[in-house]
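Working notes, structure below.
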Amino acid sequence: MKRHLVVTAMLAIAITFTASAQGPAPVTPESLVAAAKRAAGTDYAGTFVRICVAPDNLGGGGGGAARGAAPVARVVPDRATWYARPYKVFDNLYFIGTRIHSSWALTTSDGIIVIDTLFDYASEPEIVDGLTTLGLNPRNIKYVLISHAHGDHDQGAALLQSRYGAKIVMGTADWDSTLQRPASAPGGVPKRDIAVGPEGLKLTLGDTKVDIIATPGHTPGTLSYFFPVKDAGRTLTVAYAGGTAFNFPRQAANFAVYRDSQRKMSEVAEAAGATILMTNHTEFDRAYDRARIAQLPRAAGEKHPYETDAATVLRYFEMSGNCAEAQRLLTK
Ligand SMILES: [Zn+2]
């Protein structure tokens with residue numbers, strides 16, 4: 001009996017030793033892409049392709065001409081290619097974006113928080129007119145949260161600040177780049193308002209709290225958010241990823257910063273119990289489709305088209321972190 005125990009113990013040691021001698025499978029760009037593909041599934045297929053299969057900066061790009069950066073000359077595309085009508089999507093959240101870029105109005109007991117502001121040509125018809133169409137008064141906009149200082153998200157900021165006195169909230173590093181723009185930049189240049197540093201910011205307006213997280217990577221001052229939405233009175237938590245594409249300079253350190261921000265988001269999302277993932281391009285979270293589907297009647301027990309579950313939200317950040325780490329290794 002004793003001898004049997006000794007043999008069992010030796011076997012256990014041998015198995016442990018074998019396992020540690022082999023170690024975990026080596027982490028390679030290929031294994032990270034495979035893990036990201038699994039994490040993405042079909043929920044985040046568009047984002048996976050954009051940052052893991054064909055990263056924007058792979059061809060050595062990533063400067064001012066990158067997709068999403070402020071264009072040099074103001075080009076207004078045909079309205080039929082981008083205009084979307086506004087939609088009430090949750091009890092307290094309204095889609096006022098284009099078919100391509102998202103802008104949201106989060107309503108509170110003390111006014112409206114606008115999240116992202118589109119290209120300048122879209123901010124008046126989508127945000128100002130959109131709110132009015134929905135029965136909301138743009139004069140009640142108290143805060144404008146800018147996820148990052150690229151023209152497709154920030155060109156409406158100066159308009160909302162100067163016309164309605166809304167406070168503009170942006171990452172400190174993105175304020176620095178914004179304030180260097182010429183006054184003739186599309187949409188104008190907002191005056192420096194609330195700058196959010198690495199510690200983030202908890203913003204309260206009336207009955208609503210927005211947890212603002214510094215997530216540098218896409219730009220040095222990218223901000224992401226957690227906020228509550230109500231679906232027929234039920235409160236759900238949104239994780240809003242503020243910057244996605246790899247159109248920054250292709251350097252290992254930049255990918256490391258991006259990767260760490262995804263890990264931070266994953267931790268906060270888990271603690272917050274977020275069950276909805278939003279981003280600021282409709283290609284990444286299918287915002288335009290979901291906003292329209294949300295208008296249709298639902299069967300008993302059917303979830304809101306934006307609601308998933310905590311594990312699905314965490315898979316987004318697992319994917320984005322792995323894609324960044326894969327590119328970091330390839331960049332070394
Ligand atoms: Zn961008």
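Whatever order the structure lists ligands and atoms in, that order sets their numbers, starting from 1. The shown structure was predicted, so the numbers you read here are calculated from the model rather than taken from an experiment.
Asp152 and His101 are linked by a side-chain donor-acceptor pair at a separation below 3.5 angstrom, with hydrogens and angles left out of the test. Judged by distance alone, the side chains of Ser177 and Asp174 never bring a donor and an acceptor atom under 3.5 Å apart.
Note on His153: not counted as a metal contact of the Zn ion (ligand 1), no N/O/S atom lying under 2.8 Å.
The residue from Tyr316, Phe317, Tyr240 that alone fulfils the side-chain contact (heavy atoms from CB on, under 4.5 Å) condition with Met265 is Phe317.
Among the heteroatoms counted here (N, O or S) of His150, ND1 is the one nearest to the Zn ion (ligand 1).
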Kindly indicate, with the supporting measurements, whether the criterion salt bridge (Lys or Arg N to Asp or Glu O under 4.0 Å) is fulfilled by Arg290 and Asp285. CA-CA 8 Å; Arg290 281 173 152 144; Asp285 67 352; 5.8 Å; no
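Angle subtended at the Zn ion (ligand 1) by His218 NE2 and His148 NE2: 90°, rounded to 10 degrees.
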